[in-house]
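Some notes on the structure that comes next.
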There are 2 protein chains.
Amino acid sequence: MNEFTRLDAIVKRIAESTVRRLSIYLRFLEEFEVRGSTTVSSEELARRGGTTSAQVRKDLSFFGSFGKRGLGYSVPELSTALREILGLGREWRVVIIGAGKIGAALAQYRGFRQRGFNILAVYDSNPEKVGRTLEGIEIRDMSRFESDVERERPEIAVIAIPGEGAQEVLDRIVRTGIKAVLNFAPVQLHAPADVTVKAVNMAMELEGLSFALSNRD
Amino acid sequence: MNEFTRLDAIVKRIAESTVRRLSIYLRFLEEFEVRGSTTVSSEELARRGGTTSAQVRKDLSFFGSFGKRGLGYSVPELSTALREILGLGREWRVVIIGAGKIGAALAQYRGFRQRGFNILAVYDSNPEKVGRTLEGIEIRDMSRFESDVERERPEIAVIAIPGEGAQEVLDRIVRTGIKAVLNFAPVQLHAPADVTVKAVNMAMELEGLSFALSNRD
DNA sequence: ACATGTGAACTGCTTCACAGCG
DNA sequence: CGCTGTGAAGCAGTTCACATGT
């Protein structure tokens with residue numbers, strides 16, 4: 001074991017690509033857990049994750065020494081470690097803004113709660129929708145947003161509205177002190193450096209495909 | 001003008017990050033077009049896109065010289081050039097596999113067709129759904145998939161089914177000769193190198209947020 | 001003997017800085 | 001003079017290769 005056994009002792013900035021791969025490794029480990037495998041090598045994780053064994057070992061090495069030389073990694077131990085690293089050992093409180101198609105799809109997405117993301121409420125300004133529920137989750141009027149956040153202290157906000165109002169909504173979110181935002185609106189948003197904004201942008205991925213199709217030899 | 005005036009003459013491999021930024025620039029240019037602005041500087045594009053002016057100029061330089069020194073870029077000229085580069089000057093035929101919540105949301109997403117992505121059909125194996133329509137788009141039985149593709153020649157396939165069956169469906173897609181796939185299933189998929197697979201993975205983005213929240217000083 | 005953990009080398013993206021041109 | 005276009009420098013992420021521990 002090296003000096004990083006305490007996970008909170010991490011100092012260096014971890015690359016986004018590393019974090020993404022950790023998610024992928026964890027997904028495989030959970031498959032292995034179900035199947036009852038006990039150990040796994042960096043080589044095997046690499047093959048499944050579409051990367052190299054050196055990359056797997058390097059990614060893990062930022063956080064500690066989890067393997068046994070000559071043997072590999074214990075599946076349950078590494079799963080636990082990765083869940084801890086990714087902050088999945090606890091519950092996160094989530095609010096969704098926008099009860100349209102995307103918001104509704106998210107509200108009923110099972111994998112959400114499964115991984116510890118607890119949806120407190122969905123917000124919308126359409127009076128037609130306010131008061132209804134989506135899979136048992138209340139649709140509340142957007143005017144209540146700030147006061148609700150103060151009381152319920154969600155850590156994560158999801159923007160699921162069309163592009164036009166998105167920056168304005170983000171500004172409101174930022175003002176409440178929420179530090180993590182998942183954006184489904186197909187626009188580039190700006191937030192202070194201490195607020196993490198991740199985007200899920202289908203339009204951009206499609207254009208990436210269009211580019212790839214147009215530029216093959 | 002440099003030697004790359006013919007866009008199809010591009011040789012060097014373009015980074016994915018560059019292509020993403022081109023999408024972003026194009027989105028702003030379209031806003032400028034609407035507002036009737038005639039020229040724009042790399043500095044302005046950078047500010048809006050959350051990057052640097054040098055980055056903007058470098059990104060564009062891979063494809064040609066589109067600006068005027070001392071002046072900036074002509075909004076309509078650069079828009080046209082970017083649309084051409086991204087392959088958005090034509091229509092792409094798209095099929096969606098999976099008529100569940102995501103598939104349905106995609107089928108009725110207006111931005112899809114707006115950018116030239118023409119959805120031919122949605123496929124599902126559930127007999128309850130087959131035969132219905134989503135926003136005028138037919139839901140067809142998955143058993144017809146291969147023969148339909150042969151006839152209608154879609155260029156892009158969208159995977160909108162749960163994780164379990166996704167690799168199998170991708171294998172079927174690949175066998176038909178389709179070379180571009182957008183994957184919404186929350187699993188890592190494997191395809192031959194000549195097939196471009198882009199993933200929209202909300203679960204992974206959420207875990208990235210969880211990590212960010214857990215690792216702030 | 002075998003697979004990890006990790007400095008060192010490498011690759012490639014980003015930033016710098018300035019020449020070139022309108 | 002201002003802003004582009006671009007080699008060169010800088011930096012970050014990936015891959016290599018091997019010493020290390022079991």
Side-chain angles (χ1 to χ4, degrees), chain A residues 1-5 7 9-25 29 32 37-75 77-78 81-82 85 208, chain B residues 1-5 7 9-22 24-25 29 32 37-75 77-78 81-82 85 208 211:
Chain A
M1 285 230 180
N2 70 15
E3 77 262 43
F4 288 136
T5 303
L7 295 175
I10 300 143
V11 185
K12 240 192 299 173
R13 174 128 202 81
I14 302 296
E16 194 177 306
S17 50
T18 295
V19 178
R20 295 180 95 82
R21 283 191 299 267
L22 294 180
S23 284
I24 295 174
Y25 304 154
L29 286 166
F32 286 134
S37 314
T38 55
T39 57
V40 65
S41 64
S42 58
E43 183 54 44
E44 194 159 2
L45 281 172
R47 197 160 353 98
R48 303 243 180 176
T51 181
T52 66
S53 62
Q55 182 75 78
V56 172
R57 295 196 301 276
K58 182 64 91 181
D59 287 338
L60 296 176
S61 76
F62 295 129
F63 301 95
S65 303
F66 305 105
K68 296 194 195 348
R69 289 165 200 250
L71 246 165
Y73 301 89
S74 149
V75 171
E77 275 175 31
L78 188 56
L82 285 181
I85 291 166
Chain B
M1 284 230 180
N2 69 18
E3 77 261 42
F4 288 135
T5 303
L7 296 174
I10 300 142
V11 185
K12 239 193 299 174
R13 175 134 198 77
I14 302 298
E16 195 177 305
S17 49
T18 295
V19 179
R20 296 180 95 81
R21 283 191 300 268
L22 295 180
I24 295 174
Y25 306 152
L29 287 166
F32 286 133
S37 314
T38 54
T39 57
V40 65
S41 64
S42 58
E43 182 55 43
E44 193 159 3
L45 280 172
R47 197 162 352 99
R48 304 242 181 176
T51 182
T52 65
S53 62
Q55 181 76 78
V56 172
R57 295 197 299 278
K58 183 63 91 180
D59 286 340
L60 297 176
S61 78
F62 294 129
F63 301 95
S65 304
F66 305 105
K68 296 195 198 340
R69 289 163 200 250
L71 245 167
Y73 301 88
S74 149
V75 170
E77 275 177 30
L78 188 54
L82 285 181
I85 291 166
F211 177 83

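Each chain gets a letter, A, B and so on, in the order its sequence line appears, and its residues count up from 1.
Relative to the side chain of B:Thr18, the nucleotides C:dT14, C:dA8, D:dA17 differ in distance, and C:dT14 lies closest. Here C:dC16 is the nucleotide among D:dT4, C:dC16, C:dA3 with the atom lying nearest to any side-chain atom of B:Ala54. You'll find that the side chain of B:Lys58 is closest to D:dG7, out of D:dT15, D:dG7, D:dT4.
Regarding B:Arg13, its CZ atom lies at a distance of 14 Å from the C1' atom of C:dC13, rounded to whole Å. Atom CZ in A:Arg20 sits roughly 14 Å away from atom P in D:dG13 (whole-Å rounding).
Residue B:Gly67 is the one, among A:Gly70 and B:Gly67, whose nearest nucleotide of DNA chain D lies closer to the 5' end (criterion: closest heavy atom). Both A:Thr52 and A:Lys68 sit near DNA chain D, but only A:Thr52 has its closest nucleotide nearer the 5' end.
Inter-residue side-chain proximity for B:Phe66 and B:Ile85 is flagged as met; some heavy-atom pair is nearer than 4.5 Å.
A close approach under 4.0 Å does occur between a side-chain nitrogen or oxygen of B:Gln55 and OP1 or OP2 of C:dT15. A close approach under 4.0 Å does occur between a side-chain nitrogen or oxygen of B:Ser42 and OP1 or OP2 of D:dT4. The phosphate of C:dT14 (OP1 or OP2) has a side-chain N or O of B:Ser17 nearer than 4.0 angstrom. Taking only side-chain nitrogens and oxygens, A:Ser61 never comes nearer than 4.0 Å to OP1 or OP2 of C:dT4.
Within 4.0 Å of B:Ser53, counting heavy atoms only, lies no atom of the nucleic acid at all.
The OG1 atom of B:Thr39 sits 8.5 Å away from the CD atom of B:Glu44 when rounded to the nearest 0.5 Å. Remark: A:Leu29 CG to A:Arg48 CZ distance equals 10.5 Å, nearest 0.5 Å. A distance of 6.0 Å separates CG of A:Leu45 from CZ of A:Phe32, quoted to the nearest 0.5 Å. Note that CG of A:Asp59 and OG1 of A:Thr51 are 7.0 Å apart. Values are rounded to the nearest 0.5 Å.
In the interface, the side chain of A:Arg69 is not paired with the base of D:dT22 through any donor and acceptor atom under 3.5 Å apart. Taking 3.5 Å as the limit, the base of D:dT4 and the side chain of B:Arg57 contain no donor-acceptor pair of atoms between them.
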